[in-house]
Q: 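Submitted below is the structure of interest, expressed as structure tokens.
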Amino acid sequence: SAGQRLHLAIATRRLRLLKAYRDYLDQFGGQRGAEGFGHLLAAADAGIVELKSATQVRRDYIESAVAMARELAELTRAAQRGPLSQLLDGPSDKDLRADENIRKTPGGAH
């Protein structure tokens with residue numbers, strides 16, 4: 001049905017983005033860590049903290065990580081409402097990294 005195709009598209013996009021964003025978000029403590037940087041940006045915008053004294057990372061890098069984390073969070077919330085919620089666990093970090101290592105090794109899958 002059309003609804004199932006929509007939920008499959010949401011789950012597929014979420015898994016692809018999770019894999020694509022993983023290394024970048026890891027620099028900010030993962031998805032949850034990057035979401036926390038959103039609070040830091042809000043505090044800096046409110047004048048509560050100085051961003052330069054709180055972190056040495058450029059603001060645009062932080063904004064990118066926050067946007068990525070929020071996109072993944074939105075897709076996760078949408079996926080939780082659908083019939084394919086069992087795909088939320090998806091492959092583990094270990095599984096994804098092993099898959100990437102196989103592709104990088106001579107004679108591995110390409």
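Not measured: the values here are computed from a predicted model. Throughout, numbering of the chain's residues begins at 1 and tracks the sequence.
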Q: Looking at Leu25 and Ala34, what are the two nearest heavy atoms and their distance?
A: CD2-CB, 3.7 Å
Q: Measure the CD-CG distance between Gln56 and Leu51 for me, rounded to the nearest 0.5 Å.
A: 9.5 Å
Q: Locate the shortest heavy-atom distance separating Arg14 from Leu72; write the atom from each residue and the value.
A: O-CD2, 3.9 Å
Q: Arg70: which residues meet the salt bridge (Lys or Arg N to Asp or Glu O under 4.0 Å) condition with it, sequence neighbours left out?
A: none
Q: Let me see the working for Phe28 and Val57 under side chain to side chain contact (heavy atoms under 4.5 Å, CB included), right down to the final yes or no.
A: CA-CA 10 Å; Phe28 296 88; Val57 181; 3.9 Å; yes
Q: How far does CD1 of Ile10 sit from CD of Glu74, to the nearest 0.5 angstrom?
A: 11.5 Å
Q: Which distance, rounded to the nearest 0.5 Å, do you find between the OG1 of Thr76 and the CZ of Arg81?
A: 10.5 Å
Q: Can you give me the closest heavy-atom contact between Ser64 and Tyr24, atom names plus distance?
A: CB-OH, 3.9 Å
Q: Do we see a donor-acceptor contact under 3.5 Å between the side chains of Tyr21 and Glu71?
A: yes
Q: Roughly how far, to the nearest 0.5 Å, is CE of Met68 from CZ of Arg22?
A: 13.0 Å
Q: How close do Ala69 and Gln31 get, heavy atom to heavy atom, and via which atoms?
A: O-NE2, 3.4 Å
Q: For atom CZ of Arg59, decide whether the heavy atoms of other residues, nucleotides or ligands shown that lie under 6.0 angstrom number more than 12.
A: yes
